[in-house]
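Data first, discussion second: the structure below is written as structure tokens.
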Amino acid sequence: MNDIVIAGAGQAGARAAEALRARGFKGSITMIGEEPHPPYERPQLSKSLLQSSDAPVAYIKQAADWTRTLDIRIETGAAAIDCDADRRIVSTADGRDFRFDRLLLATGTRPRRLSALEGAGIEVQYLRSVEDALRFRRHIQARSRIAIVGGGVIGLEAACAAARSGCHVTVIESEERLLARAFPPLVSALVADRHRSHGVTFVFGATVTGSTSRSVNLSNGADIAADLVLVGVGVTPSAELAVRLGLPAAEGIAVDACGRTVVPDIFCAGDAALQWSRCHGRAPI
């Protein structure tokens, strides 16, 4: 085994590459990432990058350190779009081929789209990349009126950062309380009260049905004034490569306890992976 290709240059791909070198692997390692940046950890997108007007992006390592220190090749701005398991080649959108002996799929997830806002006149954002976070930060600095669809962790962190900076923020949650699937009512109430203390307004039990250029229309008949809508209603696995390989990937890319897919020498790690839990006797849901 001489050549390992990692499709995905996010946190999972980067940590896997580091671990390979730490365990003494001497062959070539190539990371292929769609974004134009070196690998970084995504939690900062809804935390530090929004909480400070000048917070820099924290990369796991600078590009030169990957190359010079670890001898790992990074191809950024290169979307891996195809894979030939028989020929052991990964192809990118710009027409290049990368040969592998083993392939790690670390393609992560992408935000679930909200169909009611597709083609809307109002500006709609999702929070998945550095560019997304910086664009949302500019709206925070402009003290925009912001509607956030989804009262999950990402939406709440973004809401708190925006409200504390003087934005008018409304969170629209389809459930009757926050974080209903994860926590009891007492915790939901405490979280909501903490956010209200920063100026966040909540609308529960309603969904978005449409929008105008300056407002969001809700299923309960209300219209929420907004300059921007941030959508945080979950994610779906980025599994195009897995589909090209014939792997089942509706809820994630199925792997065993060692991260192996059913295709020999092809592995998956990170948010895209659906790993069997020996503790629960099932894959996570």
Kindly compute the distance separating [atom1] ([X]) from [atom2] ([Y]), expressed to the nearest 0.5 Å.
| X | Y | atom1 | atom2 | result |
| --- | --- | --- | --- | --- |
| Met31 | Ile74 | CE | CD1 | 4.0 Å |
| Glu123 | Arg214 | CD | CZ | 10.0 Å |
| Ile4 | Leu20 | CD1 | CG | 4.5 Å |
| Glu131 | Gln125 | CD | CD | 11.5 Å |
| Gln44 | Leu49 | CD | CG | 4.5 Å |
| Leu45 | Leu134 | CG | CG | 8.5 Å |

Please name the pair of heavy atoms, one in [X] and one in [Y], separated by the smallest distance, quoted to 0.1 Å.
| X | Y | answer |
| --- | --- | --- |
| Tyr59 | Pro38 | CD2-O, 3.5 Å |
| Ala249 | Pro237 | O-CG, 3.8 Å |
| Gly151 | Glu173 | N-OE1, 2.7 Å |
| Ile72 | Ala17 | CD1-CB, 3.7 Å |
| Ser213 | Ile122 | O-CG1, 3.8 Å |
| Cys258 | Phe267 | O-CD2, 3.8 Å |

Check: Any donor-acceptor pair under 3.5 Å linking the side chain of Glu175 with the backbone of Ala180?
Finding: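 No: the side chain of Glu175 does not pair with the backbone of Ala180.
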Check: Is Arg99 salt-bridged to Asp101, cutoff N-O under 4.0 Å?
Finding: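 Looking at Asp101 together with Arg99, the answer is yes, because their closest N to O distance falls below 4.0 Å.
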With heavy-atom distances below 4.5 Å as the criterion, would you say the side chains of [X] and [Y] are in contact?
| X | Y | answer |
| --- | --- | --- |
| Arg128 | Thr109 | yes |
| Ser129 | Tyr40 | yes |
| Leu127 | Leu50 | yes |
| Val149 | Val233 | yes |
| Ile29 | Ile6 | yes |

Margin query: Determine whether Arg88 and Asp3 satisfy the following criterion, salt bridge (charged side-chain N to carboxylate O under 4.0 Å, His left out), listing intermediate values before the conclusion.
Written below: CA-CA 10 Å; Arg88 301 200 174 202; Asp3 303 305; over 6 Å; no
In this structure, would [X] and [Y] fall into the same cluster of hydrophobic residues linked by side-chain contacts under 4.5 Å?
| X | Y | result |
| --- | --- | --- |
| Leu156 | Ile140 | yes |
| Ile172 | Leu179 | no |
| Phe136 | Val171 | yes |
| Val229 | Ile154 | no |

Next item on the list: Run the numbers on Trp66 and Ile60 for side chain to side chain contact (heavy atoms under 4.5 Å, CB included), then give the verdict.
Entry: CA-CA 9 Å; Trp66 288 105; Ile60 294 174; 4.0 Å; yes
Salt bridge (Lys or Arg N to Asp or Glu O under 4.0 Å) contacts touching [range] (sequence neighbours left out):
| range | value |
| --- | --- |
| residues 191-205 | Asp193-Arg196 |
| residues 240-264 | Asp82-Arg244, Arg110-Glu240, Asp256-Arg260 |
| residues 137-152 | Arg145-Asp227 |

Using residues 200-211 as the side-chain source, report each donor-acceptor pair under 3.5 Å to any protein atom, sequence neighbours left out, with the distance given to one decimal.
| from | atom 1 | to | atom 2 | distance (Å) |
| --- | --- | --- | --- | --- |
| Thr207 | OG1 | Ser219 | OG | 3.4 |
| Thr209 | OG1 | Asn217 | O | 3.3 |

Quick one: side-chain hydrogen bond (donor to acceptor under 3.5 Å, both in side chains) partners of [X], sequence neighbours excluded?
| X | answer |
| --- | --- |
| Ser188 | Arg177 |
| Thr170 | none |
| Thr212 | Ser215 |
| Arg113 | Glu118 |

Next item on the list: State whether the number of non-hydrogen atoms from other residues, nucleotides or ligands found under 6.0 Å of His168 atom NE2 is greater than 12.
Entry: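 Atom NE2 in His168 is not crowded, with 12 or fewer foreign heavy atoms closer than 6.0 Å.
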Check: In terms of heavy-atom contacts, does CZ of Phe25 have more than 12 from other residues, nucleotides or ligands at under 6.0 Å?
Finding: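 Counting neighbours around CZ of Phe25, more than 12 heavy atoms of other residues, nucleotides or ligands fall under 6.0 Å, so yes.
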Next item on the list: Decide side chain to side chain contact (heavy atoms under 4.5 Å, CB included) for Leu117 and Val231; before the verdict, give the C-alpha distance in whole Å, the side-chain angles of both, and the deciding distance to 0.1 Å.
Entry: CA-CA 9 Å; Leu117 293 175; Val231 179; 4.0 Å; yes
Check: According to the side-chain hydrogen bond (donor to acceptor under 3.5 Å, both in side chains) rule, which pairs have a member within residues 6-24, sequence neighbours left out?
Finding: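 Matches after skipping sequence neighbours: Arg15-Glu18, Arg15-Glu41, Glu18-Lys61.
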Notebook entry, point to check: Which pairs with one or both residues in residues 45-56 pass side-chain hydrogen bond (donor to acceptor under 3.5 Å, both in side chains), sequence neighbours excluded?
Noted result: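 Residue pairs with at least one partner in residues 45-56: Ser46-Glu157, Lys47-Glu157, Ser52-Asp54.
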Next item on the list: List the steps and the verdict of salt bridge (charged side-chain N to carboxylate O under 4.0 Å, His left out) for Glu35 and Arg42.
Entry: CA-CA 12 Å; Glu35 293 186 50; Arg42 293 192 188 278; 2.9 Å; yes
Next item on the list: Could you please spell out the steps behind the side chain to side chain contact (heavy atoms under 4.5 Å, CB included) verdict for Leu230 and His139?
Entry: CA-CA 11 Å; Leu230 179 70; His139 281 280; over 6 Å; no
Check: With clusters built from Ile, Leu, Val, Met, Phe, Trp and Tyr whose side-chain heavy atoms come within less than 4.5 Å, directly or transitively, what are the remaining members of the cluster of Leu241, listed by chain and number?
Finding: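 Cluster partners of Leu241: Val5, Ile32, Val90, Phe98, Phe100, Leu103, Leu105, Leu245, Leu247, Ile253, Val262, Val263, Ile266.
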Margin query: List the residues meeting side-chain contact (heavy atoms from CB on, under 4.5 Å) with Ala93, not counting sequence neighbours, and say none if there are none.
Written below: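 Applying side-chain contact (heavy atoms from CB on, under 4.5 Å) to Ala93 gives Ala79, Ile81.
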